[in-house]
4 protein chains.
Amino acid sequence: MDFKRQKAIYIQIADYLLENILAGVLTKGDKVQSVREMAATVQVNPNTVVRSFNYLQDREIIVNQRGIGYFVADDALEKTQALKREIFVQQDLPEVFKMMKLLNMSFEDVQNIYQRQANGASATKKSPD
Amino acid sequence: MDFKRQKAIYIQIADYLLENILAGVLTKGDKVQSVREMAATVQVNPNTVVRSFNYLQDREIIVNQRGIGYFVADDALEKTQALKREIFVQQDLPEVFKMMKLLNMSFEDVQNIYQRQANGASATKKSPD
Amino acid sequence: MDFKRQKAIYIQIADYLLENILAGVLTKGDKVQSVREMAATVQVNPNTVVRSFNYLQDREIIVNQRGIGYFVADDALEKTQALKREIFVQQDLPEVFKMMKLLNMSFEDVQNIYQRQANGASATKKSPD
Amino acid sequence: MDFKRQKAIYIQIADYLLENILAGVLTKGDKVQSVREMAATVQVNPNTVVRSFNYLQDREIIVNQRGIGYFVADDALEKTQALKREIFVQQDLPEVFKMMKLLNMSFEDVQNIYQRQANGASATKKSPD
DNA sequence: GTGGTCTAGACCACC
DNA sequence: GTGGTCTAGACCACA
């Protein structure tokens with residue numbers, strides 16, 4: 001797992017788990033990796049993982065069973081969808097629409113970019129003209 | 001001007017100017033508000049405004065005429081478009097596509113949200129050519 | 001039996017037994033549930049129950065008859081009352097008085113809350129002699 | 001400031017601030033001690049103070065002005081009262097009522113204890129009979 | 001084994 | 001100056 005410099009690592013770890021929940025990889029009741037395991041997996045200090053887990057526990061996405069570990073909460077999927085969708089629709093999309101307007105781009109343009117990026121996920125470009 | 005907690009204030013001020021350039025409100029040769037004026041306008045420490053201006057000057061969007069003030073550079077519009085478009089296409093849009101997939105949203109859904117948000121704000125246009 | 005997150009589970013189990021002693025449900029000489037039974041009843045690891053019993057045995061509330069099980073000690077009621085009363089008067093009540101003051105609540109307010117909570121649960125009594 | 005062993009220090013620091021808010025010592029808009037100041041004052045590691053402040057910020061009791069410090073939120077008093085009152089009425093008081101019943105104590109008894117503790121806050125006892 | 005907390009010290013971005 | 005983050009290492013309570 002490689003981290004971006006701009007975002008806090010503990011947030012990126014939390015987001016990684018949230019994405020796994022959204023994608024159905026983690027479902028309710030599943031045990032989450034232990035703090036030490038996760039720390040070893042992603043190569044960070046255990047304290048940083050603790051912080052991620054606290055972050056998710058505060059939001060009731062995961063729950064702690066004392067002495068045993070963390071587990072995905074029953075309504076984690078719903079909570080996560082609500083959380084992410086809220087941010088996406090209320091914050092991210094308005095920004096996008098604004099940029100589209102400022103850059104004079106249409107939905108068609110955006111869809112074309114999507115097509116281009118979908119093909120050759122690793123390749124950077126594909127000349128359409 | 002109300003600032004978002006997540007982004008540095010000096011970046012938000014710079015973005016505000018960049019958007020004005022993209023929108024044609026500020027065009028080449030225009031004088032930019034003085035540091036003190038701007039600081040008073042947006043209610044921040046003048047040092048923060050200085051930082052914004054340095055940021056834009058580094059990218060040659062604005063230029064300093066010593067003792068007079070900052071002015072919008074001749075090719076500011078082109079530079080700004082290139083800068084913003086790069087970030088938008090290479091960083092922002094991929095994130096958006098990813099979120100759409102995770103949230104099971106189609107382009108159609110996004111367009112509907114756009115329509116809904118357009119009512120209530122200023123009307124917008126999109127022309128692909 | 002549902003456990004609170006804030007208190008150690010083994011303490012909560014011990015408290016449960018102590019309350020039964022105070023309420024007269026368990027009296028001197030009574031046999032206490034076996035570790036395995038208790039563990040099955042309250043859905044915890046047997047080790048946790050062992051810990052509860054050790055806790056009570058240390059305080060001479062219950063005694064172990066090897067190979068047979070645990071039994072309520074002869075002076076369990078007195079010991080329990082002394083123990084609980086000490087904690088209640090010296091630690092719990094001062095906290096309560098402090099909170100009442102900070103929240104601007106009078107004894108009358110508290111009694112009203114008591115009345116309200118009494119309806120809906122089991123009826124209680126209070127006799128000062 | 002002397003800390004109790006049972007509760008996490010960062011919680012005790014947070015509670016200390018909450019009590020000051022309830023008591024009117026800290027009111028909306030007041031600047032909170034900086035992390036480093038507070039750490040020096042209460043003799044703990046700055047990280048521990050950071051944790052306290054995060055805890056309070058999550059609950060919107062204090063707000064951060066970037067690069068300047070933390071300030072008491074506008075509705076801090078209301079939030080704090082709601083928070084503390086909820087816990088007191090829903091969790092603490094029921095426990096108290098339960099203990100009173102188990103220990104056969106009346107409200108009159110409790111009020112007597114209050115009187116005794118009120119006189120001679122430092123002295124431990126005052127023989128009433 | 002599990003997580004929870006605390007310390008010490010460092011580096012960074014921001015105002 | 002401010003807070004935010006991360007690391008390293010330690011100790012503890014709990015199951």
Side-chain angles (χ1 to χ4, degrees), chain A residues 3 5-13 31-39 42-57 62-71, chain B residues 3 5-14 39 42-52 54-55, chain C residues 3 5-13 35 39 42-52 54-55, chain D residues 3 5-13 31-39 42-57 62-71:
Chain A
F3 298 107
R5 282 164 45 268
Q6 30 184 350
K7 250 188 190 169
I9 292 177
Y10 82 96
I11 295 284
Q12 295 184 56
I13 294 173
K31 187 175 185 312
V32 180
Q33 272 190 311
S34 81
V35 170
R36 289 167 177 86
E37 278 173 4
M38 179 73 83
V42 301
Q43 299 271 51
V44 300
N45 188 290
N47 281 332
T48 303
V49 177
V50 167
R51 232 180 141 175
S52 300
F53 287 6
N54 280 340
Y55 176 86
L56 293 172
Q57 188 177 26
I62 60 178
V63 293
N64 183 14
Q65 296 203 17
R66 309 174 47 144
I68 306 178
Y70 281 97
F71 294 81
Chain B
F3 297 106
R5 284 160 46 267
Q6 28 187 347
K7 246 187 192 170
I9 292 177
Y10 83 96
I11 295 282
Q12 295 184 57
I13 294 173
V42 300
Q43 299 269 51
V44 300
N45 189 303
N47 286 330
T48 305
V49 177
V50 169
R51 202 162 172 186
S52 300
N54 284 338
Y55 174 87
Chain C
F3 298 106
R5 283 159 50 263
Q6 29 188 346
K7 247 187 191 170
I9 292 176
Y10 83 96
I11 295 282
Q12 296 185 57
I13 294 173
V35 169
V42 299
Q43 297 271 49
V44 300
N45 190 305
N47 286 330
T48 304
V49 177
V50 169
R51 204 163 171 181
S52 299
N54 284 338
Y55 175 85
Chain D
F3 298 108
R5 283 164 45 267
Q6 29 185 350
K7 248 187 192 171
I9 291 178
Y10 82 95
I11 295 283
Q12 295 185 56
I13 293 174
K31 188 177 184 311
V32 180
Q33 270 190 312
S34 81
V35 170
R36 289 168 178 87
E37 276 173 5
M38 178 73 83
V42 301
Q43 298 271 52
V44 300
N45 188 291
N47 281 332
T48 304
V49 177
V50 166
R51 232 180 139 175
S52 300
F53 287 6
N54 280 339
Y55 176 85
L56 292 171
Q57 187 175 236
I62 61 178
V63 293
N64 183 14
Q65 296 204 18
R66 309 174 50 147
I68 304 178
Y70 282 97
F71 294 81

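First the proteins, then the strands, lettered A, B, ... as listed; each starts at 1. Computation of the quantities below employed the complete heavy-atom set of this structure, encompassing side-chain atoms and omitting hydrogens, waters and symmetry-equivalent molecules.
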Look at the side chain of D/N54 and the base of F/dG3, then say whether one donor and one acceptor between them are separated by less than 3.5 Å. no
Expressed as a whole number of angstroms, how long is the span from A/I9:CD1 to E/dA13:P? 14 Å
Of A/K7 and D/E37, whose closest DNA chain F nucleotide lies nearer the 5' terminus? D/E37
Closest non-hydrogen atom pair between A/I62 and A/F53, with its separation: CD1-O, 3.7 Å
Report which part of the nucleic acid C/N47 touches: base, sugar-phosphate, or nothing (heavy-atom distance under 4.0 Å, all strands). nothing
Could you give me the CA-CA distance, side-chain angles and deciding distance for A/Y70 and A/L56, then say whether side chain to side chain contact (heavy atoms under 4.5 Å, CB included) is met? CA-CA 10 Å; A/Y70 281 97; A/L56 293 172; over 6 Å; no
Proximity to the side chain of A/V44 - top-ranked nucleotide from E/dT5, F/dT7, F/dT2: F/dT7
Roughly, in whole Å, what's the span from CD1 in B/I13 to C1' in E/dA13? 15 Å
Please tell me if A/R51 has a side-chain N or O lying less than 4.0 Å from either OP1 or OP2 of F/dT5. yes
Nearest-0.5 Å distance, CD of residue D/Q33 to CD1 of residue D/I13: 10.5 Å
Kindly say if A/T48 contacts the phosphate of F/dC6, meaning a side-chain N or O under 4.0 Å from OP1 or OP2. no
Is any side-chain N or O of D/R66 closer than 4.0 Å to OP1 or OP2 of E/dC15? yes
Mind calculating the distance between CD (D/Q43) and C1' (E/dA8) to the nearest angstrom? 15 Å
Pick the closest DNA chain F nucleotide for A/Y10 and for C/N45 by heavy atoms, then say which residue is nearer the 5' end. A/Y10
For E/dC14, the Watson-Crick or wobble counterpart (both distances under 3.5 Å): F/dG1
For the side chain of A/R36 and the base of E/dG3, is some donor closer than 3.5 Å to an acceptor across the two? yes
In this structure, how many angstroms lie between the P atom of E/dC15 and the NZ atom of D/K31, rounded? 15 Å
Out of F/dA15, E/dG4, F/dG4, whichever nucleotide has its closest atom nearest the side chain of A/Y70: E/dG4
